[in-house]
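Indexing begins at 1, ligand by ligand and atom by atom, following the structure's order. These numbers come from a predicted model, not from an experiment.
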Amino acid sequence: MNRNDCLALDAGDALAPLRQHFDLPEGVIYLDGNSLGARPRAALARAQDVIAREWGRDLITSWNTAGWFDLPKRLGDRLAPLIGAGAGEVVVNDTTSLNLFKALAAALHMQSAKTERKVIVTERGNFPTDLYMAQGLTSWLDRGYQVRLVDSSEQLADAIGPDCAVVMLTHVNYRTGYQHDMAAMSRHAHEQGALILWDLAHSAGAVPVDLRRDGADLAVGCTYKYLNGGPGAPAFIWVPERHQAAFTQPLSGWWGHARPFAMAPEFEATAGIGRALCGTQPIVSLTLVECGLEVFERTGMHAIRAKSLALTDLFIALVEERCASHPLGLATPREHARRGSQVSFTHPHGYAVMQALIARGVIGDYREPAIMRFGFTPLYTSFADVWDAVEILRRILDERAYDVAASRGAVT
Ligand SMILES: *Cc1c(COP(=O)(O)O)cnc(C)c1O
């Protein structure tokens, strides 16, 4: 394998033309779309239009005429096919942390008749905000609920027993890129009488997800990672039709009311997915989510997955071959079914090496402990990018061109 072979792969890649829908700076190899997706080209004109025309000229009439009020549901319906959800089952709103809180509270409520079930099972290695939101909810409820942290995926099945109310898992782990078997885990949770809540932050737009086929109960996820919705773009929540009537969440704001503009003093949850909403949304940011989703409509998750596996396989093979003399450890599963769309390598000076990579235009990121994380986004990453990134990494390692004493920014 050499650079020309990579160029040949690019020439035969049906997804290669989609890169033109993104604006990436010259000379940058962007391998951090798992943290903040690149900007869709269309987002600039869309932002200009929503600010100048919808807000500036049409002012408050835009709630109706520009469809601002229905945007969370409209975007939810557009996102739904990417995760195997039905129409009227997804809304884009709030943050992943907030949606987790709502979903977890609703799941506990749905299980509350089974008073022996007081445990939320999750993984110690889950993303911290997921753990923190579960801890915050259970301690605030003060009804004897506990969060049980499991150390490995092998122990997970055993930890789900007769005391478990809800299993809360992140489908693709943010550090390692490990992907759970959603169907098997959901089946096991149900056999044990538990509900299962999936966090799709590193799955939506990254790997094929089929929530309904695989028996999930509830799900949440991000739009600013692989879906390219923009920094801090609102998240999403999925409540399948079969659970909507029983879905009661505590953030009962007016957007979740059956008649928000009746201005009634009593809360009455609306029917359907609208009950997952809370209050007024950041419309400018919400609007831009559509620009990211539009690009996905030009292809499909199976084509994206095939290229993602080819990119991550190539990256693993080239790093192992060309950087073999360096203390790098693969933290990501080799098995395709267990891998998301990222590759993580440990290195004793992972932070410093990542800073050197970024200084040379290869943008990945670093996660404690010692993990260099590289996200592969088939919509705008080429096989030649993979070759060039590995070549730059090889040179940095061979020349020890990294500063072990580098100080850290607030965001790593
Ligand atoms: C990125 C990520 C989040 C982010 O939550 P915010 O509320 O958007 O800050 C949550 N959970 C997981 C698993 C993530 O990867």
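Using a cut-off of 4.0 Å between Lys/Arg side-chain N and Asp/Glu carboxylate O, R187 and D181 are scored as not salt-bridged. Using a cut-off of 4.0 Å between Lys/Arg side-chain N and Asp/Glu carboxylate O, R74 and D70 are scored as not salt-bridged.
Annotation: atom 9 (O) of ligand 1 to nearest protein heavy atom, Y224 OH, 3.7 Å. Of the protein's heavy atoms, K225 NZ, 2.8 Å lies nearest to atom 14 (C) of ligand 1. Closest protein heavy atom to atom 5 (O) of ligand 1: T96 CB, 3.5 Å. Of all protein heavy atoms, the one closest to atom 7 (O) of ligand 1 is S97 OG, 2.6 Å.
Side-chain atoms of N173 come within 3.5 Å of backbone N or O of G125 as a donor-acceptor pair.
Below 4.0 Å from some heavy atom of T95 lie the following atoms of ligand 1, by number and element: 7 (O). Near A201, with a cut-off below 4.0 Å to any heavy atom, the atoms of ligand 1 are 2 (C), 12 (C), 13 (C), 14 (C), 15 (O).
The distance criterion of under 3.5 Å between nitrogen or oxygen atoms is not met by T170 with respect to ligand 1. On a distance-only criterion, H202 and ligand 1 share at least one N/O pair closer than 3.5 Å.
In this structure, R373 fails the cation-pi test against Y366, since its NZ or CZ atom is not both closer than 6.0 Å to the six-membered ring centre and inside 45 degrees of the ring normal. A cation-pi arrangement is absent between K225 and F236 under the rule of less than 6.0 angstrom and at most 45 degrees off the ring axis.
Ring planes of Y226 and H202: perpendicular class, angle over 60° (limits at 30 and 60°).
For W55, the CH2 atom is loosely surrounded, since the number of other residues' heavy atoms within 6.0 Å does not exceed 12.
By the criterion of a heavy-atom distance under 4.0 Å, the side chain of D130, and not its backbone, is placed next to ligand 1.
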